[in-house]
Amino acid sequence: MSASPAPSAGPLSPLETLLPARGQPEYPLSAELSRLYGGPFGLPPDAVYSNFVVSLDGVAVVGASSGSTLSGHNQADRFVMGLLRAAAQAIVIGSATLSASPGQVWSAEQVFPGAAADFKELRRRLGLPEFPTLVVVSGSGALALDHPGMARPAMILTSEAGARRLAGQTRHQVVSLGPAATLDPLQIVTAIRAAGHQVILSEGGPLLLGQLLHAQQVNQLFLTVSPLLAGRTKELTRAGFVEGVDLLGEGVGEHLALLSVHRHQSHLFLRYLAKQSEDP
Ligand SMILES: NC(=O)c1ccc[n+]([C@@H]2O[C@H](COP(=O)([O-])OP(=O)(O)OC[C@H]3O[C@@H](n4cnc5c(N)ncnc54)[C@H](OP(=O)(O)O)[C@@H]3O)[C@@H](O)[C@H]2O)c1
């Protein structure tokens with residue numbers, strides 16, 4: 001997803017709905033949000049959902065600010081990212097995504113300022129606080145505490161050793177999930193829920209998302225497919241949006257259910273249900 005400020009561009013034309021979502025809640029969107037998204041949008045009250053942009057050949061990581069590079073600073077991608085953030089109570093990221101996203105504060109307004117007032121109004125209508133809580137996962141506790149994203153109240157999920165390392169270093173809520181350096185993904189989600197956040201957006205990176213998916217903690221995936229070919233070499237292995245886990249198990253992975261498809265020029269916006277049992 002894009003991290004740097006939006007480049008100046010003309011007004012965004014609406015997304016085209018190729019496949020509308022069925023069986024999902026519908027938020028009280030303003031007329032403008034509904035127009036730009038190309039119809040209704042909403043999430044289940046306990047949604048854990050992810051949002052990534054990938055190149056046409058599946059690359060999600062090309063260094064710092066990967067999303068901006070991959071989407072080509074695409075305005076429609078930024079709008080969808082803003083809408084997904086506007087719906088979130090918490091946004092959870094790994095420490096590597098924090099450090100790879102200079103200047104990012106993980107707010108809807110920052111990523112798509114043109115709809116700032118509408119995003120704000122949506123949060124008001126949903127009874128949400130002005131901004132989602134940023135949750136940073138770091139087993140080591142070695143994270144960039146001076147990052148602009150940490151300027152607002154945030155939560156750090158870490159290990160016992162990480163909590164010792166962070167002691168006295170931060171005013172943010174630090175939650176230790178036990179002695180293991182690798183935190184249990186189920187405990188990660190449980191701790192976020194225990195802090196009062198039920199609608200949880202994961203903005204990565206691929207290592208954190210892989211663990212959440214492996215533990216079946218993600219209900220929905222939003223994926224922007226950018227019309228860009230990135231390529232890979234032996235040296236440039238270039239991660240996809242799920243890394244560090246084997247989701248094929250004994251050779252057969254789970255086939256997800258396609259929930260909706262939107263299009264903006266040559267960018268595709270796909271939404272999947274993570275469990276076939278939830279097929280609408
Ligand atoms: N294309 C996109 O839409 C998109 C979106 C987001 C990010 N990105 C890109 O992805 C890259 C970063 O992603 P990444 O996959 O390398 O890293 P990441 O998932 O963002 O962060 C990995 C780090 O998070 C912590 N962590 C994650 N899961 C943990 C667990 N279960 N227990 C303890 N600690 C855990 C660890 O931190 P410690 O080492 O501190 O213990 C780990 O080193 C960046 O280049 C970014 O630009 C792309």
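Order of listing sets the numbers, starting from 1, for every ligand and every atom in it. For clarity, every value in this text was computed on a predicted model and none was experimentally measured.
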Discussion item. Between Glu109 and Arg85 (salt bridge meaning N to carboxylate O under 4.0 Å), is one present in this structure?
Written reply: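 Salt bridge: no.
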
Proximal ligand 1 atoms for [X], defined as those under 4.0 Å from one of its heavy atoms:
{"X": "Gln211", "answer": "28 (N), 29 (C), 30 (C), 31 (N)"}
{"X": "Leu208", "answer": "19 (O), 28 (N)"}
{"X": "Gly205", "answer": "7 (C), 13 (O), 15 (O), 18 (P), 19 (O), 20 (O)"}
{"X": "Gly94", "answer": "18 (P), 20 (O), 21 (O), 24 (O)"}

Geometric N/O contact [X] with ligand 1, under 3.5 angstrom:
{"X": "Pro206", "value": "yes"}
{"X": "Phe52", "value": "no"}
{"X": "Ser95", "value": "yes"}
{"X": "Gly67", "value": "no"}
{"X": "Ser138", "value": "yes"}
{"X": "Glu203", "value": "no"}
{"X": "Leu183", "value": "yes"}
{"X": "Ile188", "value": "no"}
{"X": "Gly141", "value": "no"}
{"X": "Leu70", "value": "no"}

Heavy atoms only: which of [options] is nearest to [atom]?
{"atom": "atom 12 (C) of ligand 1", "options": "Asp184, Val61, Val137, Thr97", "answer": "Thr97"}
{"atom": "atom 47 (O) of ligand 1", "options": "Ser50, Ser71, Ser66, Ala239", "answer": "Ser66"}
{"atom": "atom 38 (P) of ligand 1", "options": "Ser140, Ser55, Ala100, Ser101", "answer": "Ser140"}
{"atom": "atom 17 (O) of ligand 1", "options": "Ser68, Gly210, Ala96", "answer": "Ala96"}

Taking all heavy atoms of [X] and all of [Y], pick out the closest pair and write down the distance.
{"X": "Ser55", "Y": "Leu70", "result": "CB-CD2, 4.1 Å"}
{"X": "Val54", "Y": "Ala60", "result": "CG1-CB, 3.9 Å"}
{"X": "Glu32", "Y": "Asp118", "result": "CB-OD2, 3.6 Å"}
{"X": "Ser71", "Y": "Ser226", "result": "CA-OG, 3.8 Å"}

Item to complete: Report yes or no: is the cationic atom of Arg152 (NZ for Lys, CZ for Arg) under 6.0 Å from the centre of the six-membered ring of Phe131, at an angle within 45° of the ring normal?
Response: yes

Does ligand 1 have an atom under 4.0 Å from some heavy atom of [X]?
{"X": "Ile93", "answer": "no"}
{"X": "Ser159", "answer": "no"}
{"X": "Glu243", "answer": "no"}
{"X": "Gly63", "answer": "yes"}

Worksheet item: Do we see a donor-acceptor contact under 3.5 Å between the side chains of Gln211 and Gln217?
Response: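 The criterion, which ignores hydrogens and geometry beyond distance, is not satisfied for Gln217 and Gln211.
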
Worksheet item: Is it true that the side chains of His147 and Ser99 contain a donor and an acceptor less than 3.5 Å apart?
Response: no

Discussion item. Name the residue from Ile91, Val135, Thr133, Val175 that meets the side chain to side chain contact (heavy atoms under 4.5 Å, CB included) definition with Ile192.
Written reply: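 Exactly one pass, corresponding to Val135.
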
Worksheet entry | Passing option when His267 is tested against Val80, Val53, Thr224 for side chain to side chain contact (heavy atoms under 4.5 Å, CB included) | Thr224

Item to complete: Would you mind telling me if ligand 1 is within reach of the side chain of Ala181, the backbone, both or neither, using heavy atoms under 4.0 Å?
Response: backbone

Worksheet item: Ala180: what forms a side-chain contact (heavy atoms from CB on, under 4.5 Å) with it, not counting sequence neighbours?
Response: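 Partners of Ala180 under the side-chain contact (heavy atoms from CB on, under 4.5 Å) test: none.
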
Response to the item:
The side-chain contact (heavy atoms from CB on, under 4.5 Å) partners of Val61 (sequence neighbours excluded) come to Ser66, Pro206, Ala239

Practice prompt. Report yes if some heavy atom in the side chain of His172 is under 4.5 Å from a heavy atom in the side chain of Met150; otherwise report no.
Written response: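 Result yes, sub-4.5 Å side-chain heavy-atom pair found.
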
Fill in: Aromatic contact, His262 with Tyr37 (centres under 6.0 Å)
yes

